[in-house]
Amino acid sequence: MDTSSLLKSMGVKTVYGYIDRDPQKNLPKVLDWLERYDRNGSITTQVRTVREAVTDPENNWSQLIYSIWDDIDDQQRKKLFVNTIVNGTMIGSKLRKETEKKYDCNVPWAILMDPTSACNKKCIGCWAAEYGDKMSLTYEQLDDVICQGKQHGTFVYIYSGGEPLIRRKDLIRLCDKHQDCAFLAFTNGTLIDDEFADEMLRVGNFVPAISVEGFEEATDSRRGKGTYQEVMKTMERLRDRKLLFGTSSCYTSKNTEDIGSEEYFDAMIEKGAKFTWLFTYMPIGTDAVPDLLARPEQREYMYHQVRKFRKEKPIFTMDFWNDGQYVNGCIAGGRNYLHINANGDIEPCAFIHYSDSNIKEKTLLEAYRSPLFMAYRKNQPFNSNMLRPCPVLDNPGKLTEMVESSGAISTDMASPEKASEYCDKCVDVAEKWAPVADRLWNEDSNA
């Protein structure tokens, strides 16, 4: 019996309520039950590992888990648990598998959408800064995507942009309407005032990932003078209300050593962040800055730092390139997520601005079965080394092949470019990263 079946048989909401009454006492008991009824031995090893962590007060994962009960509002904690674990993972998994089997296509766990291309900042190297306020999805279009997505098992929705909180009133309306979904936003954090923070607390199913480029100098140099201090005030505002939040950081050739430093991680933990998403710079558009691409030694530095901190720091961390080994390579193309830009173009990834489908012309299911998305499904993973997951940054010719064979077109409204031109900017770093990634992959396999 798998974990999902075990929890269902026990009544997952009942289990949560039992843990919630006394987490430190009751969570280990639930883990004992899981092991006792794991007759096939499919989860015993994982359960023992988790139990060892949560029963050790010095363990960083124990500190993180129990801090969720100490630091996060009770209503929000329960709602996010139900919406992500019960709806998004357990109920949603069944619906997604049914659709995948029936239509032979990928169905995403999460959908990333841009409510608007507008932004109140103009950050160096960000493609959104070039778009201005040219595009926006209506409330009705956003709502329709969510309604369609839920039919196929997608209950997690993420916003990017532009700055998504320019549309914060509509985003709260969507939270109200879709109380069975979890919403996250990649945001610069400067528009989260007291009024909006109170609304976040009221709805309970909205979580911000606040963009930070490192410390004050690095953040302000890319996002504008005073941004870092605005962000720090926002974090205090969220922490005071016991609202869950995390950070989002893009590491480049200019700031990798800051982003990956112990001082930076400790500072974000002290501010109250419970998770951090890490991205590496991608040279999107004709006005991109290839010099910002992280060098191979910097990417290796992040590889080691993140794995080190996972053993030491009470914060959940994901590096969307260096963690390919844990998710079997690239997660885009609907395999785990996809991206819908502010024009309605349905793209495989936030960093892949090519499409053969638009929500104004196709249903989500039609897009999942489109030539471009089927090309992703056919070709994933793009490399047998999962530390080289990306069809652009790590395997530059792969994206060109899929775009040209599917007839997809550039969706970049400011500076469209051929897929081959985009990929060409990554050839040098890909060639230099390959031997480093192969060495790390072999070392990890032999460990």
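In this chain, numbering begins with 1 at the start of the sequence shown.
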Going by the rule ring pair (Phe, Tyr, Trp, His ring centres under 6.0 Å), which residues pair with Phe309 if we only count those two or more places apart in sequence or in a different chain? Phe265

Checking Asp258 against Ser261: is there a side-chain donor and acceptor pair closer than 3.5 Å? no

Around Lys150, counting heavy atoms of other residues, nucleotides and ligands shown, do more than 12 lie under 6.0 Å from its NZ? yes

Is a donor from one side chain sitting under 3.5 angstrom from an acceptor on the other, for Asn343 and Asp345? yes

Shortest non-hydrogen contact from Leu244 to Val207? O-CG1, 3.5 Å

Given Tyr251, which of Arg299, Gln298, Glu257, Glu213 fulfils the side chain to side chain contact (heavy atoms under 4.5 Å, CB included) condition? Arg299

Which of these, Asp144, Asp170, Asp143, sits in a salt bridge (Lys or Arg N to Asp or Glu O under 4.0 Å) with Lys177? Asp143

What are the two closest heavy atoms between Glu417 and Ile284, and how far apart are they? OE2-C, 4.1 Å

Quiz item: cation-pi between Arg307 and Tyr303, 6.0 Å / 45°: yes

Will you find, in the side chains of His152 and Gln148, an N or O donor that is under 3.5 Å from an N or O acceptor? no

Counting heavy atoms not belonging to Arg369, are there more than 12 under 6.0 Å from its CZ? no

Considering all heavy atoms of both residues, which atom of Leu338 and which atom of Glu347 are nearest to each other, and what is their separation? CB-O, 3.6 Å

For the residue pair Ser249 / Tyr264, report whether a side-chain donor-acceptor contact shorter than 3.5 Å exists. yes

Side chain to side chain contact (heavy atoms under 4.5 Å, CB included) partner of Met386, chosen from Asn328, Asn322, Val327: Asn328

Ignoring hydrogens and angles, state whether a donor on the side chain of Tyr16 or Arg77 is under 3.5 Å from an acceptor on the partner side chain. yes

More than 12 heavy atoms of other groups within 6.0 Å of Lys360 NZ: yes

Are the ring centres of Phe206 and Phe245 closer than 6.0 Å? no

When Trp321, Tyr281, Phe320 are each screened for ring pair (Phe, Tyr, Trp, His ring centres under 6.0 Å) with Phe351, the one that passes is Trp321

Are there more than 12 heavy atoms of other residues, nucleotides or ligands under 6.0 Å from atom NZ of Lys254? no

May I ask you to check whether over 12 heavy atoms, not counting those of Ile409, lie within 6.0 Å of atom CD1? no

Nearest 0.5 Å, what's the CD1-CG distance between Ile346 and Leu372? 10.5 Å

Could you walk me through whether Asp74 and Lys242 pass the side-chain contact (heavy atoms from CB on, under 4.5 Å) test, one step at a time? CA-CA 9 Å; Asp74 292 346; Lys242 304 187 78 171; 5.8 Å; no

Which heavy-atom pair separates Ala288 from Pro290 by the least distance, and what is that distance? O-CD, 3.3 Å

Are more than 12 heavy atoms, taken from residues, nucleotides or ligands other than Lys308, located less than 6.0 Å from that residue's NZ atom? yes

Heavy atoms of Met200 and Pro208 approach each other most closely as CE-CD, 3.5 Å

Pick one: which of Arg388, Met282, Lys425 meets side chain to side chain contact (heavy atoms under 4.5 Å, CB included) with Leu393? Met282

